[in-house]
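Just below is one structure, and these are the notes that go with it.
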2 protein chains.
Amino acid sequence: MTVHKNIHNSDVPRLCQSCEARHRGICGVLRPEELAELSKHSRQITHKAGEELIGDSEPVTTYANVMHGVVKLTKMLEDGRQQVVGLQFAPDFLGRLFSDQSKLTAEAASEVELCRFPKPAIENLIADNPSLEHELLEQTLQELDEAREWMVTLGRKTAAEKVSSFLYSIAIHIDPKIERDQADSTTIDLPLTRADIADLLGLTVETVSRQLTKLRTDKIIEITNNRHLTIPHLGRLKNRCGG
Amino acid sequence: MTVHKNIHNSDVPRLCQSCEARHRGICGVLRPEELAELSKHSRQITHKAGEELIGDSEPVTTYANVMHGVVKLTKMLEDGRQQVVGLQFAPDFLGRLFSDQSKLTAEAASEVELCRFPKPAIENLIADNPSLEHELLEQTLQELDEAREWMVTLGRKTAAEKVSSFLYSIAIHIDPKIERDQADSTTIDLPLTRADIADLLGLTVETVSRQLTKLRTDKIIEITNNRHLTIPHLGRLKNRCGG
DNA sequence: CGCGGATTTGAATAGTATCAATACAGGTGG
DNA sequence: CCACCTGTATTGATACTATTCAAATCCGCG
């Protein structure tokens with residue numbers, strides 16, 4: 001696998017030069033000429049919170065990189081019960097590979113910026129460049145690990161543990177290095193509404209709200225504002241996640 | 001070695017000739033010489049029900065194809081609560097790719113026959129043969145789809161719907177073509193104990209048992225024997241899966 | 001035939017959901 | 001700048017589902 005280290009970014013398209021996906025995302029494995037070719041077909045689009053990016057059972061015609069914001073992947077039962085089955089952050093790759101039809105709904109949880117590509121553009125690149133397929137496999141394996149981790153939370157944890165686990169996972173996602181320093185304080189911006197959190201944890205809004213107030217009265221969190229909270233001691237929160 | 005240039009079996013190792021994985025599994029994408037090389041390092045092993053195939057946090061040194069039987073992937077919380085996060089059937093590929101350490105426990109749910117390969121043998125093949133990596137990506141995407149489907153079941157379905165969904169999924173897994181003929185009758189051999197089913201659905205054994213009894217008294221299923229049951233009308237079962 | 005694990009059944013309890021009402025926040029327009 | 005308005009969040013009272021604890025029964029197997 002050849003990762004082309006170009007000293008000056010001369011061949012890298014301007015759009016891509018400051019893009020996070022070029023370092024940590026899939027574009028990092030592309031050669032400059034591939035990047036140039038791909039960027040000819042790419043389109044950067046901004047979506048406001050709540051907008052649907054792709055609907056369940058709709059044909060898939062594009063893939064995308066998440067550049068900024070949070071994307072919520074949901075599934076719905078016929079009677080309206082909804083479950084969030086995944087969250088995607090920059091620089092994640094968005095879109096079910098090699099499938100003509102989406103198996104879920106993708107929705108902007110916050111304001112979201114995407115870099116969209118036509119489906120065939122990506123698929124042709126994959127066919128030509130095994131390192132891209134390798135990178136996508138790594139990302140898919142990672143998503144599978146995360147999905148299985150959530151299955152434990154959904155199936156076996158109490159409401160209190162679910163909410164704590166969610167906050168903990170958001171905290172270490174925002175700043176992975178604080179995981180080591182459990183005594184540290186962190187401030188997090190919730191990317192989801194209470195209703196979204198409930199749909200992620202398999203709870204009701206009311207239960208999520210009650211558990212958050214309990215965490216507040218127990219001094220595990222400080223709620224500055226509906227979407228903004230502080231965790232004074234990460235380790236104390238972790239202790240409530242049920243292992 | 002004198003070889004007939006048979007279109008199908010020319011250079012295919014004897015062990016592989018009757019193997020299901022060669023048709024539907026990963027070995028189907030390998031060239032005969034690759035298959036021959038790989039088979040030199042492969043070992044077929046049988047495990048009895050209940051045996052641990054790989055433990056959580058253990059180093060991964062081999063991958064395997066499931067040849068026969070059912071493998072249960074589980075995760076456990078510190079206090080012993082357990083969640084089944086996946087089931088694998090022949091000819092699935094077993095083992096977390098590119099990871100030095102297992103993130104879950106794999107256990108034989110029934111008597112299981114594996115074809116084991118040393119980790120490097122597979123990884124070298126992947127590096128040489130992009131079509132193998134493509135096949136593994138397809139399988140991983142499929143597992144991710146299934147995991148997300150279960151997340152909906154775990155998070156949003158009632159106990160009755162969970163048990164029905166489990167039976168339905170087993171039925172169509174055993175015989176995919178009956179999915180079309182909803183009026184058909186099917187007989188299924190449960191690959192799991194009540195305790196395993198409970199751990200898969202995020203319920204207790206007692207609840208699973210009660211729901212099965214209810215399905216029996218409602219004439220949705222006939223319980224021949226603890227591990228053996230008949231679904232006289234698949235559509236009626238499907239109606240209880242909650243969509 | 002009898003033992004031990006698996007399964008079913010029963011009664012009481014606990015945890016979440018549901019229903020209903022109130023409080024709050026953020027944005028809009030006067 | 002404030003009052004209003006709407007969607008979001010919190011709080012309370014009650015209902016219900018699934019768990020827990022306990023006991024009986026069934027099943028496979030030596």
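Chain A is the first sequence line, chain B the second, and so forth, proteins listed ahead of strands; every chain is numbered from 1. These numbers come from a predicted model, not from an experiment.
Between the CG atom of A:Leu212 and the P atom of D:dT8 there is a distance of 17 Å, rounded to whole Å. Nucleotide D:dA23 holds its C1' atom 12 Å from the CD atom of B:Glu206, rounded to whole Å. Put simply, CD1 on A:Ile223 is 13 Å from P on C:dC24, counting in whole angstrom units. Taking atom CG of residue B:Leu203 and atom C1' of nucleotide C:dT16, one finds them 15 Å apart after rounding to whole Å. Between B:Lys162 atom NZ and D:dT19 atom C1' the separation is 12 Å, expressed in whole Å. One can place CD of A:Gln211 at 12 Å from P of D:dT11, the figure rounded to the nearest angstrom. As a whole-Å value, the separation of A:Lys157 NZ from C:dG15 P is 18 Å. Taking atom CZ of residue A:Arg156 and atom P of nucleotide D:dA18, one finds them 13 Å apart after rounding to whole Å.
Side chains of A:Lys75 and A:Thr105: no donor on one and acceptor on the other come within 3.5 Å. Judged by distance alone, the side chains of A:Thr204 and A:Thr207 do bring a donor and an acceptor atom under 3.5 Å apart. Side-chain contact check for B:Gln139 and B:Glu143: no donor-acceptor pair (N or O, by modelled atom type) lies under 3.5 Å. Inspection of the A:Arg194 and A:Ser209 side chains reveals no N or O donor paired with an N or O acceptor under 3.5 Å.
Looking at residues two or more places apart in sequence or on another chain, you find no side chain to side chain donor-acceptor pair (under 3.5 Å) involving B:His68.
One can find a donor-acceptor pair under 3.5 Å joining the base of D:dG12 and the side-chain atoms of A:Arg210.
In the set C:dT16, C:dT18, D:dA9, the nucleotide with an atom closest to the side chain of A:Thr158 is C:dT16. Nearest nucleotide to the B:Arg194 side chain, out of C:dT7, C:dT16, C:dT18: C:dT7.
Base contact: B:Ser209 has a heavy atom under 4.0 Å from a base atom. No engagement by A:Gly50 is indicated, since no non-hydrogen atom pair under 4.0 Å with the nucleic acid exists.
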Legend entry - Contact pattern, 5' to 3', of nucleotides 24-30 of chain D - B, S or - by protein heavy atom under 4.0 Å: ---SS--

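Taking a cutoff of 4.0 Å between a charged side-chain nitrogen and a carboxylate oxygen, A:Arg81 and A:Asp199 do not qualify as a salt bridge.
For the pair A:Thr213 and D:dT11, the criterion of a side-chain N or O lying under 4.0 Å from OP1 or OP2 is met. Within the structure, every side-chain polar atom (N or O) of A:Thr207 is placed at least 4.0 Å from both OP1 and OP2 of C:dT16.
The number of heavy atoms from other shown groups lying within 6.0 Å of CZ (A:Arg227) is above 12.
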